[in-house]
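The model shown is predicted, which means the values in this text are computed figures rather than measured ones.
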Amino acid sequence: SLSTLRLAGEQGAPARHPEREFRLVLVAGNASRLLGADAPAREYAARVNGALTRLRESWGEELVESYLGRPDVRHHYEALRSWSQAKNPA
């Protein structure tokens with residue numbers, strides 16, 4: 001459930017595991033978006049870039065780009081990014 005995702009994000013374990021943090025933010029953001037909870041979805045969408053930066057620092061650019069090419073990850077990342085851009089046009 002969404003409350004479980006929030007609790008997992010608050011417990012600090014993702015900070016030691018950048019891939020886990022990144023996926024948690026993606027899944028929670030998309031779950032919030034699909035449930036119509038715009039405020040939490042915006043919060044998670046804002047956090048995704050920081051999580052991605054920490055993942056790049058840990059894994060390196062080449063591995064992260066390969067990871068982002070996975071269909072499951074690409075789907076969640078692009079869905080949250082597109083939603084966020086539509087809700088917050090530049």
Side-chain angles (χ1 to χ4, degrees):
S1 79
L2 194 52
S3 60
T4 303
L5 288 172
R6 285 188 190 131
L7 180 61
E10 293 168 1
Q11 291 181 340
R16 294 186 301 273
H17 303 283
E19 190 269 343
R20 189 179 304 164
E21 175 192 17
F22 180 71
R23 287 197 49 101
L24 181 120
V25 171
L26 283 181
V27 170
N30 279 303
S32 297
R33 172 183 67 83
L34 292 170
L35 291 170
D38 285 2
R42 271 195 288 278
E43 179 184 325
Y44 287 115
R47 290 175 51 191
V48 81
N49 287 333
L52 187 56
T53 296
R54 285 184 287 283
L55 187 59
R56 282 191 167 106
E57 289 169 354
S58 178
W59 286 11
E61 187 68 29
E62 187 175 335
L63 286 176
V64 169
E65 288 306 312
S66 176
Y67 177 69
L68 290 174
R70 283 178 33 181
D72 60 327
V73 176
R74 183 176 58 242
H75 169 76
H76 287 292
Y77 182 62
E78 289 177 359
L80 187 58
R81 189 174 58 177
S82 294
W83 176 86
S84 179
Q85 289 171 347
K87 291 287 184 174
N88 304 303

Worked verdict on Asp72 versus Arg23 for side chain to side chain contact (heavy atoms under 4.5 Å, CB included): CA-CA 10 Å; Asp72 60 327; Arg23 287 197 49 101; 3.4 Å; yes
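Counting heavy-atom neighbours within 6.0 Å of Glu61 CD, excluding the residue itself, gives a total above 12.
Pairs of residues two or more places apart, or lying in two chains, never qualify as salt bridge (Lys or Arg N to Asp or Glu O under 4.0 Å) while including a residue from residues 73-86. Pairs of residues two or more places apart, or lying in two chains, that qualify as salt bridge (Lys or Arg N to Asp or Glu O under 4.0 Å) and include a residue from residues 30-39 are Asp38-Lys87.
With rounding to the nearest 0.5 Å, the separation of CG in Leu24 from OH in Tyr44 is 6.5 Å. One finds the NE2 atom of His17 at 11.0 Å from the CD atom of Glu21 (value rounded to the nearest 0.5 Å).
The nearest pair of heavy atoms linking Val64 to Arg56 is CG2-CA, 3.7 Å. The two atoms that bring Leu26 and Leu80 nearest to each other are CD2-CD2, 4.2 Å, heavy atoms only.
Between Phe22 and Tyr77, the ring-plane angle classifies as tilted under the 30° and 60° cut-offs.
Leu55 and Leu68 fall within the same hydrophobic cluster, defined by Ile, Leu, Val, Met, Phe, Trp and Tyr side-chain heavy atoms under 4.5 Å apart, directly or through other members.
Side-chain atoms of Ser66 do not come within 3.5 Å of backbone N or O of Glu62 as any donor-acceptor pair.
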